[in-house]
Protein chains: 2
Amino acid sequence: MTDKEKSWAIAEDVARMAGVSRSAVSRTFTPGASVSPKTRARVLEAAKTLNYHVDINARNMIQGRSTFVGVVTSALVSPFRAQLLAPIAHHLGARGLLPILMNADDPDQTSYALQRLLSYRIAGVIMTSGAPPLSLAREYIERKVPVAMINRAPELEGADVINSDNHAGGALAARELFNSGATRFAFIGPHTTHFSGRQRCEGYVDALTRLGVRKNRITLCNSTISSYEAGQLAAREVLADAAHAPDGVFCATDMVALGFMDEARRTFGRRFPEDMRLVGFDDIQHAALDSYRLSTIAQNTDTLAHSVVDMLSHRITDFSRAAEVRIAPVTFVRRATTG
Amino acid sequence: MTDKEKSWAIAEDVARMAGVSRSAVSRTFTPGASVSPKTRARVLEAAKTLNYHVDINARNMIQGRSTFVGVVTSALVSPFRAQLLAPIAHHLGARGLLPILMNADDPDQTSYALQRLLSYRIAGVIMTSGAPPLSLAREYIERKVPVAMINRAPELEGADVINSDNHAGGALAARELFNSGATRFAFIGPHTTHFSGRQRCEGYVDALTRLGVRKNRITLCNSTISSYEAGQLAAREVLADAAHAPDGVFCATDMVALGFMDEARRTFGRRFPEDMRLVGFDDIQHAALDSYRLSTIAQNTDTLAHSVVDMLSHRITDFSRAAEVRIAPVTFVRRATTG
DNA sequence: TTGTACGCGTTATCAG
DNA sequence: CTGATAACGCGTACAA
């Protein structure tokens, strides 16, 4: 520190200027404390001219907790996860909480970083899909740090979860593809390993079955991750045999759908929706672009963010409450790939 | 708080267990303090069994500063800004700093939130392009809070700035378009109001002029913002008169280029690169997708993030140092829209 | 309602 | 190298 003069006013300075005790200043800035309107006014005025702000670090220390919430997410390049960030920050702010960003892309560093986060006496942690392994979340809960998650399997005892209605989304996709005339169906995405992918696939297959579609008319094409490249790869696999190629495809995410669409158009000359119909999941920005106009199942990011913050702040005030699992409704967005 | 029992071990607990003084514990966890290897080992062992973590709030308080850095950014949906977030978090973490996310989309709330941030005794602030007005940044500097910015005009005294080499990028685009046979040129984007847009445009026009292109062969198409829609609009404007339509177009950002490309293809039947050539700026994910394969000027997000963190941490240790303005090199990424 | 006195968990200082 | 003690800025019992 080159500049040693303190650049902030402290409560004592304000007290001296207002001609009151230091406690009076403290009480003025403590919600629900008893101060006479007169002193309160004098304190506020002095605080304003001195540009006084309560030192939240000190307040946090004394109260044994902080107002910081760790937001741990991986693959920020994933458009959907990026879309989630803004509403999370907004709803946290509305409750006086502040988001600390924690990138979980490097698993080794993540464990260390999460450990470090414990030093900050954070009020809670929000984890989004595909982020750190459950074992790390468990460590938090063992230390009584509230954990809330978005789009993850509700496997962790004591953690709240909000999931988009993947099952209903899959069913919606099935119905729309069926109604627009498809007869041979496919699902593309991680339907064995990934939680959301599996639910979406199940909802899809269930609904198709109820619609009377026979099993041999449904192809399940697995992939390890939900990427553009996975979609391209699946297209080459599924469209190679023209005789048995599907004409109604549901992809686990929009990025997969985009990859599928591009490869189907370029390599196999397929047109959407004339030759085949396609539905994605998420409703990311790209889906609306003119070159795609992808019909998709939209997740409501604001609902997801609001719920996760709501549940987390409940658990912050009462750590031992029963874990909650909420389901956020999804909606079908009709664009050009479903006729 | 329902659970009153303290869930964290404190230094005193560790000291008692290790049979040493509190100070010994403190020194063990203070980098550069002198402890004998023997005590150090005993402390570390006790700390491990008790799961002790230094309370950073308390440490911050006594040291009069925190390790939090406000990262204020607007429009997180903007892919480029989202891409910047991960490397910023990474480089901050490498210096023991933690990013506090601050969304600046709502200007009213922003001012309030920035005020609130002052209460946290943050170590510094990073601002990205197009975020809050300069007046807010000025408030921080007045309170001796270091400010570093990415892709902004170096107008603010005492704030460090790192910018991509917009001028060179514009020149690169000019050269590539020229070499791939274009004869009528256009620039599309905010070249009057927006700092980066203006620099990119200047570099473009300068280079074209040096290449011998006459002024009446260069069209400047202004827009208020850099959006997909702005690109579409510009295409309708610039391509309406087929006789004077450009065949070499440089857009201020990739999103603008995508909009231009889609509209040019759909409404005017233009093909890239056969009928016209196109270069964007940023190198966002979308640019690489098969339906676009957009040639573009890539910003080096890792360099930007590294520099901004580097300058910020320098200013954290010496607030009065001379302001620095750095330029980050850009590179041309050849894809399918430049022949 | 107001002021005094103490404690929160840590680091810096200083004597040993 | 070690241990005792004084800060840091604030909230809050307690007594007035």
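What's counted below: heavy atoms across the whole structure, side chains too, no hydrogens, waters or symmetry copies. All chains are named by letter (A, B, ...) in the order of the sequence lines, taking the proteins before the strands, and each is independently numbered beginning at 1.
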Peer 1: By the 4.0 Å heavy-atom rule, please label A:F29 as base, sugar-phosphate, or nothing.
Peer 2: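 Counting heavy atoms under 4.0 Å across all strands, no contact is made by A:F29.
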Peer 1: To the nearest Å, how far apart are B:I56 CD1 and C:dT11 C1'?
Peer 2: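 Result: 13 Å.
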Peer 1: At less than 4.0 Å, is any side-chain N or O atom of B:S21 found next to OP1 or OP2 of D:dT2? Yes or no.
Peer 2: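 For B:S21, the contact criterion (side-chain N or O under 4.0 Å from OP1 or OP2 of D:dT2) is not met.
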Peer 1: Round to a whole Å and report the spacing from NE2 of A:H53 to C1' of D:dG9.
Peer 2: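 Rounded to the whole Å, the gap is 16 Å.
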Peer 1: Consider the side chain of A:Q63, meaning its heavy atoms from C-beta on, and name the nucleotide among C:dT11, D:dC10, D:dG11 that approaches it most closely.
Peer 2: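 The answer is D:dG11, which lies nearest to the side chain.
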Peer 1: Salt bridge check: are A:R95 and A:D310 linked by an N-O gap of less than 4.0 Å?
Peer 2: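 Yes.
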Peer 1: Looking at C:dA12, I'd like to know if its phosphate oxygens (OP1 or OP2) sit under 4.0 Å from a side-chain N or O belonging to B:S23.
Peer 2: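 Looking at the OP1 and OP2 atoms of C:dA12, neither is under 4.0 Å from any side-chain N or O of B:S23.
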Peer 1: If you only use heavy atoms from C-beta on, which nucleotide in D:dG3, D:dT12, D:dC10 is closest to the side chain of B:A24?
Peer 2: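 It is D:dG3.
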Peer 1: Would you kindly compare A:V20 and A:I62 by the position of their nearest DNA chain C nucleotide and give the one closer to the 5′ end?
Peer 2: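 By nearest-heavy-atom nucleotide position, the 5'-most residue is A:V20.
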Peer 1: Looking at A:H91 and A:P87, would you say the former's side chain and the latter's main chain have a donor-acceptor pair under 3.5 Å?
Peer 2: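 Yes.
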Peer 1: Is the phosphate of D:dC10, meaning OP1 or OP2, less than 4.0 Å from a side-chain N or O of A:T30?
Peer 2: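 For A:T30, the contact criterion (side-chain N or O under 4.0 Å from OP1 or OP2 of D:dC10) is not met.
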Peer 1: Rounded to the Å, how far apart are B:L50 CG and C:dG9 C1'?
Peer 2: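 Answer to the nearest Å: 15 Å.
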Peer 1: Check each of A:L97, A:L117, A:N60 against A:F68 using the side-chain contact (heavy atoms from CB on, under 4.5 Å) test, and report the only one that passes.
Peer 2: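 Of the listed options, the one satisfying the test is A:N60.
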Peer 1: Within the modelled atom types, does a donor on one side and an acceptor on the other bring the side chain of A:R22 and the base of D:dG11 under 3.5 Å apart?
Peer 2: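 Counting by modelled atom types and ignoring angles, a donor-acceptor contact under 3.5 Å is found here.
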Peer 1: Rounded off to whole Å, could you give me the CG-to-C1' distance for the A:D55 and D:dG11 pair?
Peer 2: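 Nearest whole value for this atom pair: 13 Å.
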Peer 1: Identify whether any heavy atom of A:V25 sits under 4.0 Å from a base atom; if not, whether one sits that close to sugar-phosphate; answer base, sugar-phosphate or nothing.
Peer 2: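 No contact at all - A:V25 keeps every heavy atom at 4.0 Å or more from the nucleic acid.
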Peer 1: Of B:A58 and B:G19, whose nearest nucleotide on DNA chain D comes first from the 5' end?
Peer 2: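 Per heavy-atom nearest nucleotide, the more 5' residue is B:G19.
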Peer 1: May I have the distance from A:R42 (atom CZ) to C:dT1 (atom C1'), rounded to whole angstrom?
Peer 2: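 Between C1' of C:dT1 and CZ of A:R42: 14 Å.
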Peer 1: Can any side-chain N or O of A:S307 pair as donor or acceptor with the backbone N or O of A:L304 at less than 3.5 Å?
Peer 2: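 No; zero donor-acceptor contacts below 3.5 Å.
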Peer 1: Between B:I10 (CD1) and C:dT11 (C1'), how many Å, whole number?
Peer 2: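 Rounded to whole Å, this separation is 15 Å.
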Peer 1: Please report, rounded to the nearest Å, how far the C1' atom of D:dC10 is from the CG atom of B:N60.
Peer 2: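 In whole Å, D:dC10 C1' and B:N60 CG are 15 Å from each other.
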Peer 1: Given C:dA12, is OP1 or OP2 found less than 4.0 Å from the side-chain N or O atoms of B:S26?
Peer 2: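 So the side-chain polar atoms of B:S26 never come under 4.0 Å of the phosphate oxygens OP1 or OP2 of C:dA12.
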Peer 1: Ignoring hydrogens and angles, are the base of D:dG3 and the side chain of B:R27 linked by a donor-acceptor pair under 3.5 Å?
Peer 2: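 Such a pair exists between side chain and base.
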Peer 1: Under 4.0 Å from OP1 or OP2 of D:dG9: is there any side-chain N or O of B:Y120 that close?
Peer 2: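 It does not, given that no N or O in the side chain of B:Y120 lies less than 4.0 Å from OP1 or OP2 of D:dG9.
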Peer 1: Quick one: which of C:dT1, D:dC1, C:dT10 gets closest to the side chain of B:S36?
Peer 2: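 Of C:dT1, D:dC1, C:dT10, D:dC1 is nearest to the side chain of B:S36.
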Peer 1: Under 6.0 Å from the NE2 atom of A:H90, do we count more than 12 heavy atoms belonging to anything else shown?
Peer 2: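 Atom NE2 in A:H90 is not packed in, count stays at 12 or less.
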Peer 1: Are B:R59 and C:dT11 close enough that a side-chain N or O sits under 4.0 Å from OP1 or OP2?
Peer 2: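 Affirmative; the distance criterion is met.
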Peer 1: Let me know the distance between CD of A:E12 and P of D:dG11, rounded to the nearest Å.
Peer 2: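 Rounded to the whole Å, the gap is 14 Å.
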Peer 1: Rounded to the nearest 0.5 Å, what separates atom CD1 in A:I10 from atom CG in A:D55?
Peer 2: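 Between atom CD1 of A:I10 and atom CG of A:D55 there are 10.0 Å.
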Peer 1: Looking at C:dA12, D:dG9, D:dG11, which one has an atom nearest to any side-chain atom of A:M61?
Peer 2: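 Selected nucleotide (nearest to the side chain): D:dG9.
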